[in-house]
Amino acid sequence: MDIGIDLGTTTVIIYFKDKGAVLSEPSVVAINRKTDEVVAVGEEAYRMLGKAPDRLQVIKPMSDGVISDYAATEVMIKFFLHKVFGNSIIKPRVSICVPSQITGVESKAVVDSAATAGARKVYLIEEPVAAALGAGLDITKPNGNMIVDIGGGTTDIAVLSLNGIVTKQSIKVAGNKMDDAIIRHMKDYHNLLIGEQTARHIKTEVGCAYPREDSKSVAVRGRNLLTGLPQMIDIGWKEIYGAIKDHVSEIILSVQQVIERTPPELVGDVYSNGIVMTGGGSLLYGMDTLITEQTKIKARVAEDPVNCVAKGTAMSFDYLDKLYDGFVDTGIKMK
């Protein structure tokens, strides 16, 4: 039994190559502070964010694409595997995607968590490679393909050719940083305190990387920091565009830097093939338009961009003996 896991900062997706996505839940764990007992995992824990009493600690065990809380991550993976497999005695081979510039310590933490949770063997594959496979790109030929994967914790960019990575870059600027920027903006300019869920809703509804042609706005509810009372205000896209512009610019700069380091022949291929975008962040309004404008290379969003990485991770078992790059060597021997 082979499964792919997109162990994302925001969402965990478990994918079977033949069945598709069988689980997609938030990367959140709720723990009782007094007893250290796990109270909830995934969707149930996510609903507790910002609403839990002091006795409960609601944490995100993944931060910027890597494990920040080993014990909570182990519990989370074990919970999700049990949810998918039930009480089956089958121990699956697991392929997990990781940021392209993960350290040895960070990769060992991922492998240990999955192994302790019940995996028979663990493979780590770099996110841009998984994203390219999931997007349906043929990376086996001497033809340059460029992938931009914008997730919750990291943005991974790479040019791939002949089963290998030619140039790559990973930055810890993605969807979560934009959510934080929206929270700061509401606090600084409107004295309104909002939570992560509200910020994500604002980003989804009116967030944009490129000026919109409409006058769309969204009603935002929060707590007024001056009066301490609830307040609701309307926020237009122009404010949110300004709030997240710096983070969007960092992503664009990284894309340009990868192109600058790419061999000229492959840049010609990328110009012909275009830039493929995956991850939830690729759905930000106007992101493809902005990348196209700033790089002079046509950018397009892949089909089902949210599941591309998970899909590619599940497909990676077919490439174990083919890929020159992409799989992370942890140096860990597993039984």
Quick check: closest heavy atoms across [X] and [Y], and the distance to 0.1 Å?
X      : Y      : value
Ala174 : Gly152 : CB-O, 3.6 Å
Val220 : Ile202 : CG2-CD1, 3.6 Å
Val29  : Ala72  : CG2-O, 3.9 Å
Ile77  : Ala117 : CG2-CB, 3.6 Å
Phe317 : Val94  : CZ-C, 3.9 Å
Ala132 : Leu160 : CB-CD1, 4.1 Å

| request: Please lay out, stage by stage, how Thr154 and Ser170 fare under the test side-chain hydrogen bond (donor to acceptor under 3.5 Å, both in side chains). | output: CA-CA 7 Å; Thr154 62; Ser170 178; 4.6 Å; no

I'd like to know if [Y] and [X] are part of one continuous hydrophobic network [Ile/Leu/Val/Met/Phe/Trp/Tyr, side-chain heavy atoms within less than 4.5 Å].
X      : Y      : value
Leu56  : Ile31  : no
Val122 : Tyr15  : no
Tyr285 : Leu283 : no
Ile275 : Met287 : yes
Leu193 : Val218 : no

Quick one: are [X] and [Y] in side-chain contact, heavy atoms under 4.5 Å?
X      : Y      : value
Tyr46  : Leu49  : yes
Tyr70  : Thr116 : yes
Met48  : Val28  : no
Leu81  : Ile5   : yes
Thr313 : Ile96  : no
Lys203 : Leu284 : yes
Val309 : Asp156 : no
Ser282 : Val148 : no

Does [atom1] belonging to [X] count more than 12 external heavy atoms closer than 6.0 Å?
X      : atom1 : value
Gln257 : CD    : yes
Phe85  : CZ    : yes
Arg221 : CZ    : no
Phe16  : CZ    : yes
Arg33  : CZ    : yes
Lys216 : NZ    : yes

Examine distances only and state if a side-chain atom of [X] and a backbone atom of [Y] form a donor-acceptor pair shorter than 3.5 Å.
X      : Y      : result
Asn273 : Gly144 : yes
Glu25  : Glu43  : yes
Thr11  : Pro26  : no
Thr292 : Ala299 : yes
Lys177 : Lys172 : yes
Gln256 : Gln294 : yes
Glu44  : Ala30  : no
Ser27  : Gly8   : yes

Rounded to the nearest 0.5 Å, what separates atom [atom1] in [X] from atom [atom2] in [Y]?
X      : Y      : atom1 : atom2 : value
Asp246 : Leu253 : CG    : CG    : 12.0 Å
Ile194 : Asp179 : CD1   : CG    : 9.0 Å
Ile182 : Thr198 : CD1   : OG1   : 10.5 Å
His190 : Ile235 : NE2   : CD1   : 3.5 Å
Thr295 : Ile259 : OG1   : CD1   : 5.0 Å
Ile150 : Glu127 : CD1   : CD    : 12.0 Å

Can we say [X] and [Y] salt-bridge, meaning some charged N sits less than 4.0 Å from an Asp/Glu carboxylate O?
X      : Y      : result
Asp2   : Lys121 : no
Lys311 : Asp304 : no
Glu126 : Lys168 : yes

| Check against side-chain contact (heavy atoms from CB on, under 4.5 Å), Met186 and Ile233 | CA-CA 10 Å; Met186 298 303 297; Ile233 59 176; 3.7 Å; yes

| Stepwise side-chain hydrogen bond (donor to acceptor under 3.5 Å, both in side chains) check, Ser95 with Ser316 | CA-CA 7 Å; Ser95 180; Ser316 67; 2.9 Å; yes

| message | Val159 vs Met146, test: side-chain contact (heavy atoms from CB on, under 4.5 Å). Steps then yes/no. | response | CA-CA 4 Å; Val159 174; Met146 187 169 189; 4.0 Å; yes

| field | Criterion side-chain contact (heavy atoms from CB on, under 4.5 Å) on Thr10 and Arg200, from CA distance to verdict | value | CA-CA 11 Å; Thr10 304; Arg200 190 163 300 150; 3.9 Å; yes

| message | Assess the residue pair Val276 and Leu137 against the criterion (side-chain contact (heavy atoms from CB on, under 4.5 Å)); give the C-alpha distance rounded to whole Å, side-chain angles, the decisive distance to 0.1 Å, and a yes or no. | response | CA-CA 9 Å; Val276 178; Leu137 299 181; 3.9 Å; yes

